[in-house]
Amino acid sequence: MSEDSLSNFPPRYDPKPVEEKWYRFWEENGFFTANPDSPKPKFSIVIPPPNVTGSLHMGHALDNTLPDILIRRKKMQGFETLWLPGTDHAGIGTQVKVEQMLAKEGKSRFDLGREEFLRRAWEWKEKYGNEIVKQLRRLGCGLDWSRFRFTLDEVCARAVREAFVRYYERGLIYRGLRIVNWCPRCRTALSDLEVKYQEEKSQLWYIRYPFADGRDGVVVATTRPETMLGDTAVAVNPEDGRYQAVVGKMLRLPLTERLIPIIADEAVEMDFGTGAVKVTPAHDPVDFEIGERHHLKRLKVIDDDGRMTALVPAKYQGMSREECRRAVVDDLKAQGLLEKIEDYEHSVGTCDRCGTAIEPLASEQWFVKMKPLAEPAIRVVEEGKVRFYPERWNKVYLDWMRNVKDWCISRQLWWGHRIPVWYCECGKVIVARQDPVECPACHGNSLRQDEDVLDTWFSSALWPFATMGWPEETVDYRSFFPTDFLTTDPDIIFRWEARMIFSSLEFTGRIPFVDVYIHSTVLDKNGARMSRSKGVGVDPLEIIEHYGTDACRFTIAYLESQSQSYRLWNERFELGRNFANKVWNACRLVAPHITGSSRDFPDPNALTALDHWIVMRFNETVERVDKGIDSYTFSTVAQALYDFFWHDLCDWYLEFAKRRLKSGEETVKAVLYHLFRGSLQLLHPIMPFITEELWHRLEMGGRSILESSWPRPLPAKLDKVRLVERMRDVIGGIRQVRAEMRVPAKSTVECIVNTGDGELAKFFKEQELLIRELAKVSAVNIGAVRPSGSAVVVFSDCEVYLPLAGVIDVEKELERLRREVEELKRLIDEIDRRLSNPDFLERAKNEVIEREQMRRQEFAARRERLKKLLEA
RNA sequence: GGGCGAUUAGCUCAGCUGGUUAGAGCGCUGGUCUCACAUACCAGAGGUCACCCGUUCGAUUCGGGUAUCGCCCACCA
């Protein structure tokens with residue numbers, strides 16, 4: 001390499017131009033385009049489709065860096081790889097966003113109507129949906145863009161229809177009246193997984209329900225007094241001695257004129273509250289079941305908007321749940337029926353998407369019957385055909401699947417796959433793959449399609465095979481399905497992984513993927529969950545902008561160690577940036593020497609012990625990287641590469657090699673060529689951009705590092721490696737003495753090695769020049785006599801003497817050290833004395849107390865001030 | 001109420017199946033702008049590996065328990 005080209009090799013790595021150049025190169029040359037007809041073994045992954053609701057965040061960075069590492073390595077290992085991209089329409093998530101946008105115009109979705117709303121939703125999707133796709137390119141992801149899918153596109157839509165109809169035909173889909181989680185704001189049913197429970201400080205109200213004759217009665221405890229207006233019974237446990245005499249009697253429901261029975265049911269706990277529970281079958285899942293068992297009426301007293309219905313006394317009609325609660329409590333109090341109020345903490349279900357308190361409502365919905373689907377889905381994990389990593393997640397999955405309940409799949413939303421069910425005037429229900437034109441029963445043509453759409457996860461569940469063309473037996477499907485790997489956050493194991501597994505087994509008869517890696521949850525610096533809505537956390541785009549993609553990816557891999565979570569903040573990415581810079585500069589050093597050098601690895605007999613040592617370390621690194629990637633312990637991979645490249649290759653071997661390079665020695669050039677070639681290859685999956693750039697700068701050959709084959713261990717002999725280890729120890733020992741004794745950097749001392757090990761003596765003599773440079777000594781002599789005024793460093797098989805007499809004032813330095821030792825002893829004694837002095841401890845305690853009291857005062861004053869402000 | 005994870009240096013974290021002086025990065029101290037890199041180099045300080053009991057020749061590592069923190073699941077009105 002000429003002087004001129006070195007001037008184009010700046011001493012600091014600048015990621016921007018490199019990243020832009022190479023991603024375009026890879027994409028334009030079809031490096032990511034899979035060929036299903038290839039005879040090579042296949043390796044495939046489908047992307048966890050990002051929602052079209054936003055832009056790249058930390059979760060995406062993880063979900064996509066890790067698969068990209070696998071894809072790139074497999075490609076280099078000779079596999080035909082496919083990584084299939086796409087996005088998810090994210091039903092309720094997107095709909096809520098669009099509604100928020102409309103709200104700014106002062107409109108609701110009902111003002112626009114279904115058609116216009118959908119037009120706006122698609123508009124929104126076009127605008128924001130592709131943002132994330134661009135950003136995945138910036139992350140360097142080797143996605144096959146020619147196979148891009150969207151969960152609402154025709155291919156996916158056909159799969160959804162097919163799946164629904166097949167479930168229906170097998171009797172696994174039914175429509176039924178059940179208590180569902182209802183979001184009054186979104187005006188839709190939700191599945192259990194879309195409800196987030198939040199602890200809330202509330203009260204437990206004890207209400208007296210008098211007997212029909214107006215006397216005595218029964219006291220019930222409730223957290224939701226407003227629902228009493230819909231009570232149709234009071235239940236007690238059949239074993240409960242306190243109530244046995246009254247079971248069957250009638251109570252007068254306060255605030256209404258209705259009479260309700262006292263019934264006995266197993267579901268009632270005797271030791272909660274008063275042991276008597278009000279039963280509201282239309283608004284509580286347990287009460288619903290009690291109601292079924294006892295044939296109770298269901299009074300729907302809260303409507304779809306969360307307001308009181310016409311079934312309650314006029315004064316409450318139209319009130320919100322909260323208003324009604326206050327009114328009911330006030331009225332009960334006025335009538336003397338409120339026995340007592342206790343503070344009570346319980347969890348309240350809220351809508352995962354909009355945060356509104358959910359209302360359990362009895363309502364007609366479509367369900368998937370889970371029991372028959374769960375069985376095979378349990379089996380494949382028990383048998384290890386699908387494996388979760390880290391292993392503990394297998395149990396989490398299995399526990400859920402073993403207790404799974406039927407899946408509510410209908411949503412009263414507009415954005416999504418419309419349920420393929422039509423109702424005819426004649427009462428016929430038609431479930432069909434194609435939109436029917438007439439009723440097969442009465443041949444009438446006034447058919448009405450079900451208004452509802454499917455849960456967004458219904459289509460996601462089909463993703464791994466729907467994207468490959470299922471139900472068609474496409475060539476992609478035959479070649480690339482099932483997929484090999486998936487990685488996600490822990491919190492979609494049930495929503496997504498589980499549903500993909502049973503759907504895939506049901507429809508394709510095969511597992512959807514083999515290995516599932518559940519990655520850590522990323523927390524912010526204070527250990528709080530990262531949340532975009534709260535605006536805290538790390539923005540990967542900012543990181544990429546600031547530190548570069550490779551630095552971002554390397555840091556992510558370095559921290560991903562199969563733990564439950566880890567903390568992340570912007571400065572942590574300096575680790576990756578500094579490492580990238582190190583790699584860059586090391587290449588800068590060797591570039592003029594190894595470009596155009598021999599491509600053959602030298603005969604092992606021509607290598608020195610130093611060469612064997614570094615080759616051995618390289619080989620260990622290859623092994624650790626392979627093992628680490630295969631077991632998804634990404635941090636061990638990044639650590640192995642970091643340690644080897646930085647601390648062995650750069651800190652030691654390059655220093656060993658400099659002199660030999662200057663003399664133009666061919667062997668060291670060839671060794672370095674192969675070490676750098678292999679290192680860049682090992683690094684490439686994690687740091688694709690910088691390695692591609694350096695691959696070309698070092699003229700490693702071919703169109704791309706991606707087309708080179710994955711490195712294997714190089715030939716090395718291990719018998720002389722111990723000599724190198726000892727040499728490093730000796731150099732370190734000499735450096736330590738020099739630093740401790742304040743030997744000026746510029747002065748050199750002789751060193752004398754005393755050893756009975758002939759081979760070691762010979763080796764040290766051979767490497768004299770190297771030792772002289774690295775330890776800053778003037779000569780390496782072999783001898784057994786320790787000169788007076790010399791420092792000594794002792795090892796098991798040798799001693800090293802450093803005559804310091806002529807170089808520094810030994811007595812003075814020793815005196816200094818002695819004084820320091822004395823001084824330290826004095827300090828320690830003083831601390832010990834203070835710590836054993838009760839007076840001191842008492843004073844210290846008082847100081848702390850005083851400080852805390854002052855802080856307390858400060859806070860109290862501020863609190864008062866703020867309170868006043870709030871009141872004003 | 002059940003399940004799972006964590007507790008290692010000032011901070012954030014590694015540490016596979018038990019084995020000499022327990023590691024890294026950042027931070028700190030001292031010394032270097034040494035001809036790839038100051039986004040660097042050299043040296044150093046700093047840890048009863050939460051606590052208790054057990055298994056073992058030997059435990060940070062395995063088992064049991066305690067404490068603290070965190071996550072997940074669950075219909076307790």
Side-chain angles (χ1 to χ4, degrees), chain A residues 6 9-13 179 192-193 197 204-205 220-224 227 234-235 267-269 271-280 284-290 344 346-347 349 360 390 392-393 395-396 399-400 403 405 490-491 493-494 520-521 523 525 527-529 547 551 555 558-559 561-569 571-592 624 627-628 631 633 635-636 638-639 642-643 646-647 650-651 654-655 658 662 731-740 742-746 773-776 824:
Chain A
L6 195 57
F9 208 146
R12 191 162 288 191
Y13 171 57
I179 287 277
D192 294 341
L193 296 174
Y197 286 88
L204 197 56
W205 286 271
V220 298
T222 179
T223 54
R224 302 198 56 203
T227 61
V234 165
V268 181
E269 298 274 339
D271 43 9
F272 185 91
T274 59
V277 57
K278 59 194 266 324
V279 181
T280 324
D284 184 280
V286 177
D287 295 3
F288 182 88
E289 284 169 23
I290 295 176
Y344 188 68
H346 69 142
S347 51
R392 59 176 181 272
W393 294 109
K395 188 171 147 38
V396 174
D399 284 349
W400 186 80
N403 298 306
K405 288 193 276 171
D491 55 50
I493 293 177
F494 309 140
S520 318
T521 302
L523 308 175
K525 195 168 187 174
R529 198 177 263 272
Y547 298 103
T555 307
Y558 190 90
L559 296 174
S561 66
Q562 303 208 338
S563 54
Q564 183 183 281
S565 61
Y566 59 85
R567 297 179 188 197
L568 192 63
W569 57 92
E571 290 72 25
R572 293 208 86 171
F573 290 90
E574 286 174 9
L575 174 91
R577 180 206 48 190
N578 294 355
F579 184 54
N581 197 239
K582 192 73 181 177
V583 172
W584 179 262
N585 276 293
C587 289
R588 201 164 162 261
L589 169 68
V590 299
R624 289 175 67 188
K627 236 175 106 180
S631 61
T633 48
S635 86
T636 65
Q639 278 180 37
Y642 187 95
D643 291 346
W646 198 314
H647 296 305
C650 291
D651 287 352
L654 286 184
E655 296 303 326
K658 276 178 182 169
K662 266 183 208 153
I731 291 169
I734 296 171
R735 283 168 171 172
Q736 190 178 338
V737 169
R738 291 185 57 109
E740 216 57 76
R742 304 274 160 91
V743 178
K746 299 226 163 57
E773 274 181 13
L774 296 182
K776 290 191 179 136
L824 288 172

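A, B, ... follow the sequence lines: proteins, then strands. Residue 1 opens every chain. No hydrogens, no waters, no symmetry mates; every other heavy atom, side chains included, goes into these values.
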Using the [atom1] atom in both, what is the distance from [N] to [M], to the nearest Å?
N: A40(B); M: A24(B); atom1: P; answer: 16 Å
N: C51(B); M: C73(B); atom1: C1'; answer: 29 Å
N: U7(B); M: G44(B); atom1: C1'; answer: 29 Å
N: G27(B); M: C42(B); atom1: P; answer: 16 Å
N: G23(B); M: C62(B); atom1: C1'; answer: 22 Å
N: U21(B); M: A67(B); atom1: P; answer: 34 Å
N: G15(B); M: U8(B); atom1: C1'; answer: 9 Å
N: G65(B); M: U29(B); atom1: P; answer: 46 Å

Q. Given U12(B), A43(B), G25(B), which nucleotide is nearest the side-chain atoms of W569(A)?
A. U12(B)
N/O-N/O pairs, protein side and nucleotides 17-23 of chain B side, under 3.5 Å:
none

Strictly below 4.0 Å: does [X] bring a side-chain N or O up to OP1 or OP2 of [N]?
X: S635(A); N: A14(B); result: no
X: S563(A); N: A14(B); result: yes
X: R567(A); N: U12(B); result: yes

Q) Are the side chains of L589(A) and N585(A) in touch, meaning some heavy atoms are under 4.5 Å apart? A) no
Q.
Is the shortest side-chain heavy-atom distance between D287(A) and K278(A) below 4.5 Å?
A. no
Q) Rounded to whole angstroms, how far apart are OH on Y566(A) and P on U7(B)? A) 17 Å
Q: Could you state the atom-to-atom distance from NE2 of H647(A) to C1' of C41(B) in whole Å?
A: 12 Å
Residue list, ring pair (Phe, Tyr, Trp, His ring centres under 6.0 Å) with [X], at least two apart or on another chain:
X: W584(A); result: F9(A), Y13(A)
X: Y566(A); result: none
X: F579(A); result: F554(A), Y642(A)

Which residues satisfy the salt bridge (charged side-chain N to carboxylate O under 4.0 Å, His left out) test with [X], sequence neighbours excluded?
X: D491(A); result: R529(A)
X: D399(A); result: K395(A)
X: E289(A); result: none
X: E655(A); result: K658(A)

**Q.** Toward the 5' end of RNA chain B, by each residue's nearest nucleotide, Q562(A) or L575(A)
**A.** Q562(A)
Q | Stem list, RNA chain B (Watson-Crick or G-U pairing under 3.5 Å, at least 3 consecutive pairs) | A | B:1-7 with B:67-73, B:10-13 with B:23-26, B:28-32 with B:40-44, B:50-54 with B:62-66
Return the [atom1] to [atom2] distance between [X] and [Y], rounded to the nearest 0.5 Å.
X: R577(A); Y: R12(A); atom1: CZ; atom2: CZ; result: 7.5 Å
X: T555(A); Y: L559(A); atom1: OG1; atom2: CG; result: 6.5 Å
X: R224(A); Y: H346(A); atom1: CZ; atom2: NE2; result: 9.0 Å
X: T633(A); Y: R624(A); atom1: OG1; atom2: CZ; result: 10.0 Å

Q. Base, sugar-phosphate, or nothing: which does R572(A) touch, judged by heavy atoms less than 4.0 Å apart?
A. base
Look for any protein N or O under 3.5 Å of an N or O in nucleotides 65-68 of chain B and output each such pair with its distance, or none.
none

Q) With the sugar-phosphate defined as primed atoms, P, OP1 and OP2, and the base as all remaining atoms, what B/S/- string results for nucleotides 33-40 of chain B, 5' to 3', for protein heavy atoms under 4.0 Å? A) --BBB-BS
Q: Using a 4.0 Å heavy-atom cut-off, write out nucleotides 70-77 of chain B from 5' to 3' as B (base contacted by protein), S (sugar-phosphate only) or - (no contact).
A: BSSS-BBB
